[in-house]
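In each ligand, atom 1 is the first atom listed, and ligand 1 is the first ligand listed.
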Amino acid sequence: MGNDIERAGKLILASEYVVGLTGAGISVESGIRPFRGPGGLWTEHGEPPMDGYQRFQADPKKHWEEIIKRSGVTSDFVQALESARPHPAHYALAELEELGLLKYLITQNIDNLHLAAGSKKVAEIHGNVQKLRCVACNARYERDEISLETLPPRCPRCDGIIKSDTVMFGEPIPLDVLRTCQQETRKADCMLAVGTSAFVYPAAAFPQEVKSKGGALIEFDLYETALTPLCDVSIRGKAGETLPQLVDYIKAIR
Ligand code: APR
């Protein structure tokens, strides 16, 4: 691994515009299960139905009543989300940003852990579990800003229907965050993919795009993924161990 960490560090220092892409794997050591692979939520329970958003649109009041009642598979996941804290991998990426080496971070995670670790330039492509969003004007609110006395709750700005900021299966990615991800990917000459199976689009397309225009691709994952064949360096191990090693190495040679 030493040599791969060194190669990754040198690639990052030789790059102009490094962008990160993280997935569920980076938060496993914070107690949140991944979706696929060993111990994955979908591995155990099967992938959820793809029409979640259509069912929400059909009856948003019922959707909210179910959320408030919340039981079964989702309740453990939600509890894990609520009690999770950032770990060394999240702090390592925040430090790379602070060092001016990581220009932007795209995350598929809804757990707020990158922001909690101090990362500033973060695009949450699947939303944030701590926030609510208006489906009409896209305004986002902290949960305590919106009363759940009447369901479905309404947007104080446009009276549109409010839902969790998290993107449901079947729901289009909000345009503002999608545009940011596309713009940052376009600028990138190096992408760090951490803890993602690179299975779900549009996020899975970003590293491919960086590679196809001649950029470098560095992966951190426990196992091989769909991205591994495209990578310049693919580092095996827990993100909580490999990313701090990378930052230590970079600081030592810089
Ligand atoms: N350190 C590094 N990588 C890890 C670790 C760890 N400690 N634990 C697991 N991994 C890796 C797995 O090997 C796998 O490649 O993290 C990856 C997790 O993949 P997925 O569970 O598929 O998560 P992700 O890629 O984020 O899924 C994308 O799918 O279900 C939807 O909306 C959900 O955002 C999610 C999207």
Task: Gly237 to ligand 1, any heavy atom closer than 4.0 Å - done: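 Distance cut 4.0 Å: Gly237 passes for ligand 1.
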Task: ligand 1 contacted by Tyr223 (non-hydrogen, < 4.0 Å) - done: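 Yes, Tyr223 has heavy atoms under 4.0 Å from ligand 1.
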Does [X] reach the main-chain N or O of [Y] with its side chain, forming a donor-acceptor pair under 3.5 Å?
X      : Y      : value
Ser27  : Ala24  : no
Arg33  : Gly39  : yes
Thr242 : Lys238 : yes

Have a look at ligand 1 and work out which part of [X], if any, has a heavy atom under 4.0 Å from it: side chain, backbone, both or neither.
X      : result
Gln108 : both
Asp221 : both
Val28  : side chain
Thr225 : side chain
Phe199 : neither

May I ask you to list the atoms of ligand 1 that are less than 4.0 angstrom from any heavy atom of [X]?
X      : value
Phe169 : 30 (O)
Gly23  : 26 (O)
Gly195 : 3 (N), 16 (O), 17 (C), 18 (C)
Glu29  : 1 (N), 6 (C), 7 (N)
Ala24  : 23 (O), 24 (P), 26 (O)
Trp42  : 30 (O)

- [ ] Could you check if a side-chain atom of Asn109 sits within less than 4.5 angstrom of a side-chain atom of His126, using non-hydrogen atoms only?
- [x]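 Asn109 vs His126: side chains apart.
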Task: Side chains of Phe220 and Leu246 in contact at under 4.5 Å (non-hydrogen atoms) - done: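 They are in contact (side-chain heavy atoms under 4.5 Å apart), so the answer is yes.
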Open item on the list: Under a plain distance cut-off of 3.5 Å, with no hydrogens placed, do Ser234 and Glu224 share a side-chain donor-acceptor pair?
Closed with: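 No pair is found: no donor N or O on one side chain lies under 3.5 Å from an acceptor on the other.
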Open item on the list: Quiz question: by atom type and distance under 3.5 Å, do the side chains of Asn128 and Asn112 form a donor-acceptor pair?
Closed with: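 Yes, a side-chain donor-acceptor pair sits under 3.5 Å.
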Task: Heavy-atom nearest neighbour of atom 19 (O) of ligand 1 within options Ala89, Ala203, Ser197, Ala226 - done: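 Looking at heavy atoms only, the winner is Ser197.
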Open item on the list: If you take the nearest heavy atom of each of Ala198, Pro34, Gly25, which one is closest to atom 5 (C) of ligand 1?
Closed with: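 It is Gly25 whose heavy atom sits nearest to atom 5 (C) of ligand 1.
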Task: Partners passing ring-ring contact (aromatic ring centres under 6.0 Å, His included) against Tyr53 (at least two apart in sequence or in another chain) - done: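 Applying ring-ring contact (aromatic ring centres under 6.0 Å, His included) to Tyr53 gives Phe56.
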Open item on the list: If I apply the N/O under 3.5 Å rule, does His126 come out as touching ligand 1?
Closed with: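 By distance alone, the answer is yes.
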